[in-house]
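Data block below; observations after.
Here is the naming used below: chain letters follow the sequence lines, and residue numbers restart at 1 for every chain.
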Protein chains: 2
Amino acid sequence: MLSKKTKYGLKALAYLASQKDKQPVQISEVAKAENISQKFLESILLSLRKSGFLGSKKGKGGGYYLIKDPKEVLMTDVMRILEGPIAMVPCVSLNFYEKCADCPDEATCSVNKLMLMVRDANLEVYRNNTLADLIA
Amino acid sequence: MLSKKTKYGLKALAYLASQKDKQPVQISEVAKAENISQKFLESILLSLRKSGFLGSKKGKGGGYYLIKDPKEVLMTDVMRILEGPIAMVPCVSLNFYEKCADCPDEATCSVNKLMLMVRDANLEVYRNNTLADLIA
DNA sequence: AATTACCCTATTAATTTAATAGAGTAAACA
DNA sequence: TGTTTACTCTATTAAATTAATAGGGTAATT
């Protein structure tokens, strides 16, 4: 299941990407437009800023804005920041690899191979989509 | 993230599928072989039986066994029973469709389209894999 | 009749997710 | 310079889900 955090984050990014100019948009405006708890959204936008997707401006006329061109923002990167690993088990994760505690051997694990295929299928989608595709 | 329930369920199914004969296998044997809490596994196998994947036999020499040929068991069906919806948001689910509470309009939802592609990519994998492929 | 092993309900512990509250700080503008 | 605006940060809590445990019940086989 997609977490609310990810869902809200994607919607907020799409909202910012759909702005004509690059002027900062207030959190409150995004929250209202996309039906998101403002406080929750604050923390999400903050993490997107810390990850390099967004810039922010304080004071009057401040808000958040996209740093890159939406076409340059790969969904793989966005999803990894918002949702975490793309893989469904840590033992097939590229960026968050961990050995499964309950698994004696990955090579003979029946789940491993299937989840590897699932991961690749998902990566294929995320790699071929950018933020610009969300608002098309 | 794949739930433990699904992971254990897949491992158990694979274990049963890898049996030479169709003789029932005791829960305790599966639990031991696959490092699974026996009680937890009981409930998982029970739901797999109720869904028509497994048969069971009581009394001495009893246990669980596969009903169908592993080649005939599609991963789409298994995953839906164990993990639930394949889609990451209810609004793009084929078998568990629900309108998203926070979404005014699916047609203009920026998340909807992406998740539709993700769902199709996952379905493609699950449709092209059977239980027999897990143990290959 | 006794044993084996599945079957079922209930409870609890742990984890994660989602939301809320409130104070603090930096920047802009008059 | 002072005030407003709006982002920043920490902490807390509520809700939901997942995972595990306990214990007794029941059906079938030998």
When you measure from the side chain of A:Arg49 to the backbone of A:Ser56, do you find a donor-acceptor pair of N or O atoms at a distance under 3.5 Å? no
Return the value, rounded to whole Å, for the distance between atom CG of A:Leu46 and atom P of C:dA19. 17 Å
Which of the following nucleotides, D:dC7, C:dC6, D:dC9, is nearest to the side chain of A:Gln26? D:dC7
With a non-hydrogen cut-off below 4.0 angstrom, is A:Lys50 in contact with a base, only sugar-phosphate, or nothing? sugar-phosphate
Report the distance from atom CD1 of B:Ile44 to atom P of C:dC8, rounded to the nearest whole Å. 16 Å
Can you check the B:Lys57 NZ to D:dT30 C1' distance for me, whole Å? 11 Å
Taking only N and O in the side chain of A:Ser56, is any of them less than 4.0 Å away from OP1 or OP2 of D:dT8? yes
Can you tell me if A:Ser93 and A:Glu98 form a side-chain donor-acceptor pair at under 3.5 Å? no
Among C:dA19, C:dC8, C:dA18, which is the nearest nucleotide to the side chain of B:Arg49? C:dC8
With DNA chain D as reference, determine whether B:Lys5 or A:Leu45 sits nearer its 5' end, using the nearest nucleotide of each. A:Leu45
Before you tell me yes or no, could you show the steps for B:Tyr65 and B:Gln19 under side chain to side chain donor-acceptor pair (under 3.5 Å), namely the whole-Å CA-CA distance, both residues' side-chain angles and the distance that decides it to 0.1 Å? CA-CA 9 Å; B:Tyr65 53 90; B:Gln19 299 293 310; over 6 Å; no
Can you tell me if the side-chain N/O atoms of A:Tyr8 get under 4.0 Å from OP1 or OP2 in C:dA19? yes
On DNA chain C, compare the nucleotides closest to B:Ser28 and A:Gly61; which residue's is nearer the 5' end? B:Ser28
When all nucleic acid strands are considered with a 4.0 Å heavy-atom cut-off, which category describes A:Lys4: base, sugar-phosphate, or nothing? sugar-phosphate
B:Glu42 (side chain) and C:dC6 (base): donor-acceptor pair under 3.5 Å: no
Is the phosphate of D:dT21 approached by B:Ser37 (side-chain N or O, under 4.0 Å from OP1 or OP2)? yes
Could you work out which one of D:dA20, C:dA18, D:dA27 sits closest to the side chain of B:Lys58? D:dA27
Does B:Asp102 come within less than 4.0 Å of A:Lys11, counting only side-chain N to carboxylate O? yes
Could you check how far NZ of A:Lys60 sits from C1' of D:dG2, rounded to whole Å? 14 Å
Rounded to whole angstroms, how far apart are CZ on A:Phe40 and C1' on D:dA16? 13 Å
Where is the tightest heavy-atom contact between A:Gln26 and A:Gly62, given as atom of each residue plus distance? CG-O, 3.6 Å
Tell me the interatomic distance from B:Lys7, atom NZ, to D:dA19, atom P, rounded to whole angstroms. 11 Å
Classify B:Ile27 by what it touches in the nucleic acid, base, sugar-phosphate, or nothing, heavy-atom distance under 4.0 Å. sugar-phosphate
Nearest-Å distance for atom pair NZ/P, residues A:Lys39 and D:dC7: 11 Å
Nearest-Å distance for atom pair OH/C1', residues A:Tyr64 and D:dT8: 7 Å
